[in-house]
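Note that these values count all heavy atoms, side chains included, but never hydrogens, waters or copies made by symmetry. Every chain is numbered from 1, with letters handed out A, B, ... down the list of sequences. The structure displayed is predicted, hence computed values, not measured ones.
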Amino acid sequence: MLPRGDIAESVRSWQIGGVGGASFDSISQVLPFLAVGALVCLVSAQALNSLALGDDIAASLGERVFAARALASLGAVLLCGAATAVAGPISFVGLIVPHACRLLFGVDHRWLLPLSAVAGAILVTASDVIGRIVARPDEVDVGIVTALLGAPFLIAIVRRQRIREL
Amino acid sequence: MIAAHTLKAKALCLGYRDLLVIDALELVIPPGRLTAIVGANACGKSTLLRAMSRLLAPRSGEVVLDGKQVHRIPTKELARTLGLLPQTPIAPDGITVADLVGRGRSPHRRPLSRWSRADDQAVAAALEATDTLDLADRAVDELSGGQRQRVWIAMALAQETDLLLLDEPTTFLDVAHQLEVLDLLAELNRDRGTTIIMVLHDLNLAARYADHLVAIAGGRVHSAGPAEAVLTPATIRAVFGVDSQVIVDPTSGRPLMLPIGRRRPSPAAA
């Protein structure tokens, strides 16, 4: 590590995300991006429902496939970018939460997207709490906790899909 | 809902990269009838179907629906008139039948709009027509091949289009399920007046169910018309390169093709 502890800390925060440094100041800076991103995602939920049936069916249902996919991606990039700017890279949340929500609530994106947003917030908050409890008086960054929770979950999903393919 | 839509291909050329698959093809689809497109593997049947439903842009020439080029019609508007069921559609894991069929309503809806009574009625009617009402709450991936195909057809019906294009709707189905699907399509054609255009592999089933048969060879329409006119030994020879006998199907009165292979056991002496 770098000899100066304060710099090392800030470098590390870009490698492992945490919500400890979040403040209303930093959140208000990215709020417009979050708002626009959320709106774009909600508007494209119905198009995502069609795209989930494959490009041909989506097109025959009147979706402009490329435009719909570009719009949905733009929404996702805005949300991810804004969240990462505040909290740094918190891994696995985006991998676990939508899959878990799909198993729990079904495949309709008009529900899946807002429910994933709420469930993601719950997971991050819970992970942060766990990180503060297990290493008292220090704390484990939330990005480490989510990785610990997420990796087994990801393996389980991959295995499940492989079993289904058999 | 019966409106006579005219769908035509004019001097249509289609291809992928360097390969020209359909070459200056002319085709008129008779409205309100059941049309089957037949031809050898890789003759461009599916390509033609994709172009007619604007999934593939023509190299030259045009596909015209009611006097307008399909590629110029706004995509949602076209989706309310013409539906396509591709060959092997994929259903998302765990989706229920009702949810899948409901997605057929999307060309009739606006983003963030609420589910309407008309949507409900269309889905219920589609489930009933395809005899899948009992399956509404089941997951699509639990169903048998025949049930699944009926569910996909239900989704296309919920779209409430006057024209329905299907790419080999009977592939991978056993004979009972093949008949089930084709009977269903024939009923839709009769009861709702839906113009049906399907690519079929089985010549005899095509001859039995279609009012209008189109045989494709060499990137063009080799012959088109009623089954009796199209399903002849000469056409089968030209389109498939196979010698055959054509007799009259004792059940349907339609032509029935019997291929003659190279290994020909001689008939037992009488």
Side-chain angles (χ1 to χ4, degrees), chain A residues 35-72 74-75 98-116 156-166, chain B residues 46 49-50 52-57 70-71 73-96 98-115 137 139-142 151-152 155-156 158-159 161 163-167:
Chain A
V36 173
L39 193 69
V40 167
C41 285
L42 288 180
V43 168
S44 46
Q46 200 176 306
L48 288 174
N49 276 347
S50 298
L51 285 174
L53 307 177
D55 287 4
D56 284 359
I57 293 220
S60 95
L61 290 175
E63 238 25 275
R64 279 167 301 164
V65 171
F66 182 79
R69 193 166 277 146
L71 187 70
L74 176 73
H99 281 293
C101 286
R102 195 172 283 135
L103 292 176
L104 290 172
F105 308 116
V107 289
D108 187 341
H109 287 84
R110 285 167 303 158
W111 287 104
L112 200 51
L113 293 176
L115 285 169
S116 295
I157 287 173
V158 171
R159 286 179 62 98
R160 206 182 124 93
Q161 273 173 356
R162 194 164 299 157
I163 287 166
R164 188 170 290 138
E165 278 162 20
L166 288 178
Chain B
S46 299
L49 208 67
R50 289 172 64 82
M52 287 201 288
S53 50
R54 58 81 175 82
L55 294 186
L56 185 71
V70 291
H71 287 87
I73 302 173
T75 160
K76 287 242 167 172
E77 191 184 316
L78 182 62
R80 290 191 284 263
T81 311
L82 184 150
L84 170 80
L85 195 57
Q87 201 168 4
T88 42
I90 33 166
D93 284 346
I95 192 169
T96 63
D99 189 356
L100 182 67
V101 174
R103 290 189 185 183
R105 296 300 298 163
S106 76
H108 298 272
R109 311 182 59 211
R110 302 168 162 283
L112 302 178
S113 67
R114 308 192 73 183
W115 190 254
D137 296 322
V140 174
D141 30 19
E142 298 172 353
V151 168
W152 281 108
M155 190 213 73
Q159 205 175 332
T161 59
L163 291 104
L164 181 56
L165 280 62
L166 303 102
D167 194 356

request  = Considering only heavy atoms and a distance below 4.5 Å, find which of A:D108, A:V107, A:L61, A:I57 pairs most often with chain B.
outcome  = A:L61
key: Which atoms of B:L84 approach chain A - backbone, side chain, both or neither, heavy atom under 4.5 Å   = both
Pairs satisfying salt bridge (Lys or Arg N to Asp or Glu O under 4.0 Å), at least one member in residues 45-72 of chain A, at least two apart = A:D55-A:R69, A:D56-B:R50
query = What residue in A:S60, A:G106, A:A59 has the most heavy-atom pairs under 4.5 Å with chain B?
reply = A:S60
message = Give me each pair satisfying salt bridge (Lys or Arg N to Asp or Glu O under 4.0 Å) with a member in residues 43-53 of chain A, each pair once, sequence neighbours excluded.
response = none
ask   = For the side chain of B:H108 and the backbone of B:Q159, is there at least one donor-acceptor N/O pair under 3.5 Å apart?
value = yes
ask   = What part of B:R54 gets closer than 4.5 Å to chain A, counting heavy atoms only: side chain, backbone, both or neither?
value = side chain
ask   = Can you check whether B:L56's main-chain N or O pairs, donor with acceptor, with B:H71's side chain at less than 3.5 Å?
value = yes
note = Given B:P74, B:G83, B:P92, the one with more heavy-atom pairs under 4.5 angstrom with chain A than any other is B:P92
task = Scan side-chain atoms only and decide if B:D137 and B:T96 contain a donor-acceptor pair under the 3.5 Å cut-off.
result = no
ask   = For atom CH2 of A:W111, is the number of surrounding heavy atoms from other residues, nucleotides or ligands below 6.0 Å larger than 12?
value = no
request  = Identify which part of B:S106 has an atom lying under 4.5 Å from any heavy atom of chain A, answering side chain, backbone, both or neither.
outcome  = both
ask   = Heavy-atom distance under 4.5 Å to chain A: side chain of B:L165, backbone, both or neither?
value = neither
